[in-house]
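Quantities reported herein were computed from a predicted structural model and do not represent experimental measurements. Protein chains get the first letters and strands the later ones, always in sequence-line order, with residue 1 at the start of each. For the numbers below, each heavy atom of this structure counts, side chains included, while hydrogens, waters and symmetry mates do not.
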Protein chains: 2
Amino acid sequence: MTSPSSSSSSSGATPARVDTLEHPALADARDAIADGIDREALVTVFGRCTVDYDGRASSHLESGDRHVMLKPDGASLVHTDEGQQPVNWQPPGCEHSVRYVESGAEAGDDDGPTDDPSTPRLVLESDRSTPDERLRVSFSRIFQVSAFAGSDETELALSGTEEDLRQRILEEPSLLESGFTPLATERSTPAGAVDVYGEDSAGRAVVVELKRRRVGPDAVSQLRRYVDALERDLHADADVRGVLVAPSVTDRADRLLVEHGLEFVSLEPTAD
Amino acid sequence: MTSPSSSSSSSGATPARVDTLEHPALADARDAIADGIDREALVTVFGRCTVDYDGRASSHLESGDRHVMLKPDGASLVHTDEGQQPVNWQPPGCEHSVRYVESGAEAGDDDGPTDDPSTPRLVLESDRSTPDERLRVSFSRIFQVSAFAGSDETELALSGTEEDLRQRILEEPSLLESGFTPLATERSTPAGAVDVYGEDSAGRAVVVELKRRRVGPDAVSQLRRYVDALERDLHADADVRGVLVAPSVTDRADRLLVEHGLEFVSLEPTAD
DNA sequence: CGTTCGATATCGCCT
DNA sequence: AGGCGATGTCGAACG
């Protein structure tokens with residue numbers, strides 16, 4: 001069951017390739033993983049391991065069975081059987097390495113005890129600098145190693161974003177209010193760029209902050225910062241209106257809006 | 001190469017089990033995936049597929065080779081060979097389903113064209129309500145299916161969090177400033193809960209907002225909301241101090257602090 | 001349930 | 001490289 005199996009898809013311009021080992025010896029797993037990293041394949045390892053992270057924060061995970069994915073762009077993901085988020089990870093830009101250690105005590109230079117340091121271990125590391133951080137996965141057993149090489153040229157088409165909401169307003173400004181005229185998007189202020197800047201039927205300046213979903217107090221504060229900054233920037237006794245555009249607001253955000261003299265218009269990113 | 005292989009770890013209290021098919025026929029893949037879901041295993045599928053999401057937003061991904069993970073808690077993840085984040089996903093709480101469709105045109109009820117609708121397809125769906133959303137992965141080819149059953153009882157131990165920063169301040173209040181006395185954590189105000197509430201050596205109320213890392217304008221606004229709310233809550237002519245505690249602040253955040261009469265103390269979550 | 005806020009947030013854009 | 005804001009953010013704590 002530890003003999004390597006390599007197989008290619010029989011049709012298609014760029015055949016996908018999969019290499020799998022089941023219950024390999026740790027040394028064989030090391031070779032397969034090193035080969036997968038070298039070939040820039042997507043490598044997965046399922047096995048019993050401890051996990052240590054050190055960098056922006058520090059973490060330790062005792063021994064358990066987990067699924068590890070190493071990507072050719074340097075990303076690393078450790079998944080348990082629960083949760084959308086990996087229990088540990090490393091962002092793209094890391095250098096992956098793998099090594100076989102006869103005595104687990106040497107797996108880490110300065111780590112605490114692992115599940116059984118006296119047994120041999122296979123250690124995966126993903127390191128980067130800026131910020132300096134490291135993920136180390138130390139396996140006592142490996143149940144499966146796979147290396148996937150495929151082809152994926154396509155990009156995700158997503159709709160229902162804040163950008164869609166902006167397009168809706170620009171194409172039909174009356175959705176904001178009758179007589180509204182957009183003058184600029186991403187208009188720069190000392191506090192940052194305003195989503196949509198324009199003027200109302202009376203010629204007053206209007207700052208519009210867009211949110212694709214129901215908003216809380218943070219969005220109100222954000223809008224307030226822009227209105228404040230623009231009032232100073234126009235340095236007249238400018239009466240600048242601030243309008244929050246979102247599907248809905250929470251109670252507390254609504255009170256904040258009133259408190260700060262800001263307005264709200266209910267609008268969804270798409271017309272459905 | 002399409003014969004099923006099931007294997008168990010030979011030692012350990014809770015042996016891990018791995019079932020793998022390589023280049024299975026779609027109908028065989030369907031049975032293996034359904035069995036894995038049924039057994040509450042962690043199921044992975046690598047193959048050529050299109051991906052469609054509809055719910056909080058909508059997205060479509062043309063045909064390519066991707067890695068799909070179905071977790072027993074209902075989470076679903078679609079990974080390409082790039083990026084830390086899945087290109088598509090579904091949170092825990094979904095219901096997974098798998099079906100074999102002779103003609104791909106029936107894979108979706110109302111979908112646009114896929115890579116080749118005339119060929120048979122294997123369709124994975126993960127659905128949930130509140131919010132109502134659905135992820136559909138439609139495979140034209142499957143290169144590998146695996147089902148992993150393991151054991152993982154341990155929890156992550158993490159340090160360097162905001163909670164650590166709070167403990168540091170509570171154990172040694174002089175780190176904030178000489179004479180500071182913490183009176184409460186998570187003190188409730190109309191604007192939300194204050195991280196640390198206390199008084200200085202002159203008996204003035206102090207609101208402390210903690211951040212584990214370098215902060216921008218949002219944290220300053222958050223602190224300002226708390227100070228405002230507390231000044232009203234104490235409804236005296238209360239002079240409430242607001243102190244932001246973080247490793248550092250950006251320039252713009254620093255100007256905002258001055259503008260709002262707030263203070264800053266540089267402190268890291270851990271003593272290193 | 002909804003609200004609120006933290007996170008090793010990640011990601012993309014722009015300076 | 002750092003700042004800044006969006007995200008189908010996710011997740012947890014709390015009401």
Strictly by modelled atom types, are B:S59 and B:N88 linked by a side-chain donor-acceptor pair under 3.5 Å?
yes
What is the nucleic acid contact for B:E209, judged by heavy atoms within less than 4.0 Å: base, sugar-phosphate only, or nothing?
sugar-phosphate
Between atom NZ in A:K211 and atom C1' in D:dT7, what is the gap in whole Å?
10 Å
In whole Å, I'd like the distance from the CG atom of B:L210 to the P atom of C:dA7.
10 Å
Expressed as a whole number of angstroms, how long is the span from B:L165:CG to C:dA7:C1'?
14 Å
For nucleotides C:dC11 and D:dG11, find the distance between their P atoms and express it as a whole number of Å.
15 Å
Taking OP1 and OP2 of D:dC4, is either one under 4.0 Å from a side-chain nitrogen or oxygen of A:Y226?
no
SB check A:R168 A:D164 (cutoff 4.0 Å)
no
Could you measure between the two C1' atoms, the one in C:dG6 and the one in D:dT7, and give it in whole Å?
15 Å
Would you say D:dG3 has OP1 or OP2 under 4.0 Å from some side-chain N or O of B:T250?
no
Residue pair A:L124 / A:F139, side-chain heavy-atom distance below 4.5 Å:
yes
Using whole Å, report how far CD of A:E82 lies from P of D:dG11.
11 Å
Expressed as a whole number of Å, how far does the P atom of D:dC4 sit from that of D:dG8?
23 Å
Using a strict 4.0 Å threshold on nitrogen-to-oxygen distance, state whether A:R213 and A:E268 make a salt bridge.
no
Considering every strand and a 4.0 Å limit on heavy-atom distances, what is the contact class for A:E186: base, sugar-phosphate, or nothing?
nothing
A:E82 with B:K71: basic N within carboxylate O range, under 4.0 Å:
no
Provide, to the nearest angstrom, the distance between the CZ atom belonging to A:R166 and the P atom belonging to D:dT7.
11 Å
Could you measure between the two P atoms, the one in D:dG5 and the one in C:dT8, and give it in whole Å?
22 Å
Using the 3.5 Å cut-off, write out each protein N or O paired with an N or O of nucleotides 8-12 of chain C and the distance between them.
| residue | atom | partner | partner atom | Å |
| --- | --- | --- | --- | --- |
| C:dT8 | O2 | A:Y53 | OH | 3.3 |
| C:dT8 | O2 | A:R56 | NH2 | 2.4 |
| C:dT8 | O4 | A:N88 | ND2 | 2.7 |
| C:dT8 | O4 | A:W89 | N | 3.3 |
| C:dA9 | OP1 | B:R213 | NH1 | 3.0 |
| C:dA9 | OP2 | B:R212 | NH1 | 2.3 |
| C:dT10 | OP1 | A:R56 | NH1 | 3.4 |
| C:dT10 | OP1 | A:R56 | NH2 | 3.0 |
| C:dT10 | OP1 | A:W89 | NE1 | 2.8 |
| C:dT10 | OP2 | A:R56 | NH1 | 2.6 |
| C:dC11 | OP1 | B:Q84 | N | 2.8 |
| C:dC11 | OP1 | B:Q85 | N | 3.1 |

C1'-based separation of C:dA9 from C:dC5 [nearest Å]
13 Å
In whole angstroms, the gap separating C1' of C:dA7 from CD of B:E163 amounts to 14 Å
Rounded distance in Å - CG (B:D218) to P (D:dT7)
16 Å
Considering only NZ, NE, NH1 and NH2 on the basic side and carboxylate oxygens on the acidic side, decide whether A:R134 and A:E125 come within less than 4.0 Å.
yes
Between A:E259 and B:R232, is there a salt bridge with N-O shorter than 4.0 Å?
yes
So what does B:A191 touch, heavy atoms closer than 4.0 Å: a base, only the sugar-phosphate, or nothing?
sugar-phosphate
Before we go on, tell me: are the rings of B:H67 and A:H67 under 6.0 Å apart, centre to centre?
yes
Expressed in angstrom and rounded to an integer, what is the separation of B:Q222 atom CD from C:dT4 atom P?
12 Å
Among the nucleotides D:dG5, D:dC4, D:dG2, which one has an atom lying closest to any side-chain atom of B:R252?
D:dC4
